[in-house]
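So the structure is just underneath, and the comments pick up after that.
FYI, the numbering just counts along the sequence from 1. Keep in mind that what you see is a predicted model, and the values were worked out from it rather than measured.
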Amino acid sequence: MAETADIAGKGPVGAEKPGAEDGGKQPRSVRVVLLALMIAMLLAMLDNMIVGTAMPTIVGELGGLEHLSWVVTAYTLATAASTPLWGKLGDMYGRKGVFMTSIVLFLIGSALSGMAQDMGQLIGFRAVQGLGAGGLMVGVMAIIGDLIPPRERGKYQGMMAGVMALAMIAGPLVGGTITDHLGWRWSFYINLPLGAVALIAISAVLHLPKKRAQTRIDYLGAALLTVGITSIVLVTTWGGTEYAWGSARIMELIGIGVAALVGFLFWQTRAAAPIMPLHIFRSRNFSLMSVIGFITGFVMFGAVLFLPLYQQAVQGASATNSGLLLLPMLGAMLAVSMVAGRVTTNSGRYKVFPVAGSVLMIVGLFLLSRMDTETTRLTSGIYMAVLGAGMGCLMQITMLVAQNSVEMKDMGVASSSTTLFRTLGSSFGVAIMGALFNNRVQDEMVQRAGALGGKMTEQSAQLDAASLAKLPAQAREAYQFAVSAGTHSAFVLGAVVAVVALVAAVFVKEVPLRGAGGPKTAEGAAGDAAGERPTVAEAV
């Protein structure tokens, strides 16, 4: 193509790829789009953490304590269930319009949640918000996949990892500040100006080729997958808390989920435009990245749950700035992710990162499992940094390799599938590690504090700071030992599961990344020739 519209649609630019002659520097318009995408990603990741801090105040005003868990569950369910559909819609009808629709839906849900008058309304509006959130992360990843060739994309890993770290650290701090000074409703309203900035920037600057699908949406496939994902998330959310693992309700959900997913897989082989085309899993690298992404989610969100609990209960840290407790892990993750991205961009090689990341993740989890009541904050910080370095090698490389393993026409479903596997991994990690932790804590409390210990943790194995301060010294020491033992069991399980990621990483085939600055595979060259993989200039 001799000429093509520039990103703002204001004039012709050459079709050369950015980075070919300018040292990899992207045009200002591309950087504006990337900034807007980072804001959208921040919205998706920050929301739950801000709202979590505001929940006690929300319950105090709206009541409905018995439905409290549904405020989070409704959002999580809607996000997970809608993720694959957003990816497919982007592939069928064009990335820009679908992404902007998801932002608008998220903002509508945010505004309505802020205006909720009772707990039932809040739960319903949170589901609307979650539906929009399902398209935010997928849209960000898929649009970056359109704008930036894989070889150049590694440079932006640090930005994405930075947004994730910022959300985890700032979420509780921002949530607490907003709730204390502006009221809990602003925990939702804060999304509106940020979302408006992202919408305006994307509308004005981003121009992607428009698409018009010739086939209808796979409604049956979407319904079956939604039922399957919903059942899985409810099993992992309710199992061991709302209902016993062997209860009739959990068994029913497992049966419904398995039946729906089997039906989904069967139908995907026959649908004209499947929601998740199974041919993408024929790529060995894509399948392996799905496994590694699942395990990374399993380990990461388990660590985010139990590390602050250990530091608060055993090391006496304050819960007020709980996000700051994770700084060693998140800082290491950010730094290593930036280095990995630069090395990948400069060399085009990436297999070393899944392998090294899996090894570091196993070592970090093993070290964390050795923490006891005598472990200092410095020592635990070093252990967390090792785990964070491992996750920094894995977090964005999994998405990069997965996107490089499919054709451009499947970029959306590849991004949504990878995101979905990571989300499901986090659900399983929190549930399974949580069940193991709770059982170990209760056993240790009964053994060390007798019937009183069993009563203390009968309702929940996680005591807040106020409850812990009221305990007699002997009971407090028993609980600290029990939490230490519980985290030991949880992290040992995480280390064992992480071995699977290492095995998967060993079998990754290092296929040259397509795009500027690097050699193309025969598949990549054919895709370019057929117009399936546009140049960056064509994409924008």
Side-chain angles (χ1 to χ4, degrees), residues 73-92 127 130-131 133-135 137-138 216-240 242-243 245-284 286-298 301 398 402 405-406 410 412-432 435 497 500-501 504:
T73 301
Y75 181 91
T76 304
L77 274 176
T79 300
S82 64
T83 293
L85 186 58
W86 285 114
K88 184 62 178 180
L89 288 174
D91 286 341
M92 295 176 67
L131 288 175
M137 186 70 73
V138 173
R216 296 180 62 186
I217 297 173
D218 179 16
Y219 292 106
L220 178 58
L224 289 170
L225 184 59
T226 298
V227 171
I229 292 173
T230 299
S231 299
I232 290 173
V233 174
L234 285 178
V235 166
T236 56
T237 302
W238 285 348
E242 298 288 329
Y243 303 95
W245 284 105
S247 67
R249 179 60 57 86
I250 296 298
M251 292 298 105
E252 288 171 1
L253 286 171
I254 291 175
I256 292 171
V258 170
L261 292 178
V262 169
F264 170 76
L265 293 175
F266 175 80
W267 176 247
Q268 293 304 280
T269 62
R270 286 159 174 74
I275 289 291
M276 189 182 293
L278 300 185
H279 67 79
I280 62 177
F281 293 97
R282 294 174 189 163
S283 165
R284 181 171 76 182
F286 184 85
S287 296
L288 292 173
M289 288 302 116
S290 298
V291 171
I292 294 173
F294 179 93
I295 293 170
T296 303
F298 187 105
F301 286 89
T398 53
S405 303
V406 301
D410 292 323
V413 293
S415 302
S416 64
S417 298
T418 305
T419 302
L420 176 62
F421 281 112
R422 187 178 297 172
T423 301
L424 293 179
S426 67
S427 294
F428 275 92
V430 170
I432 297 174
V497 171
V500 179

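Residues V138 and G412 come closest through the heavy atom pair CG1-O, 4.1 Å. Here the closest heavy-atom approach between residue A402 and residue A414 is recorded as O-CB, 4.4 Å. Nearest heavy atoms, W245 versus G239: CZ2-O, 3.2 Å. The two residues T79 and A133 come nearest to each other via the heavy atoms OG1-CB, 3.8 Å. Closest non-hydrogen pair, P274 versus A271, comes out as CD-O, 3.5 Å. A pairwise comparison of heavy atoms in S82 and G134 identifies OG-CA, 3.5 Å as the closest pair.
Residues L420 and M276 form a side-chain contact, since some pair of their non-hydrogen atoms from C-beta on lies under 4.5 Å apart. R422 is not listed as a side-chain neighbour of T419, based on a closest heavy-atom distance of 4.5 Å or more.
A side chain to side chain contact (heavy atoms under 4.5 Å, CB included) with V258 is found for exactly one of I256, I254, L261, namely I254.
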Please tabulate, for the side chains in residues 228-235, all donor-acceptor contacts under 3.5 angstrom to protein atoms that are two or more places apart in sequence or on a different chain.
| unit_1 | atom_1 | unit_2 | atom_2 | d |
| --- | --- | --- | --- | --- |
| T230 | OG1 | T226 | O | 2.7 |
| S231 | OG | V227 | O | 2.9 |

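With S426 contributing its side chain and T423 its backbone, the two residues share a donor-acceptor pair below 3.5 Å. Proximity of a side-chain donor or acceptor of Q268 to a complementary backbone N or O of I275 within less than 3.5 Å is detected.
We find the CZ-OG distance between R284 and S405 to be 10.5 Å, quoted to the nearest 0.5 Å. Interatomic distance, H279 NE2 to D410 CG, rounded to the nearest 0.5 Å: 4.0 Å. One finds the OG atom of S290 at 11.0 Å from the CD1 atom of I295 (value rounded to the nearest 0.5 Å). Summarising the geometry, atom CZ belonging to F266 is positioned 11.0 Å from atom CG belonging to L224; distances are rounded to the nearest 0.5 Å. Of the inter-residue distances, the one linking F264 atom CZ with T269 atom OG1 reads 10.5 Å to the nearest 0.5 angstrom. Taking OG1 of T398 as the start and CZ of F294 as the end, the distance is 13.5 Å to the nearest 0.5 Å.
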Practice problem: Run the numbers on W238 and L253 for side chain to side chain contact (heavy atoms under 4.5 Å, CB included), then give the verdict. | Solution: CA-CA 10 Å; W238 285 348; L253 286 171; 3.8 Å; yes
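Using bins of under 30°, 30° to 60° and over 60° for the plane-to-plane angle, the ring pair F281/F286 lands in the perpendicular bin.
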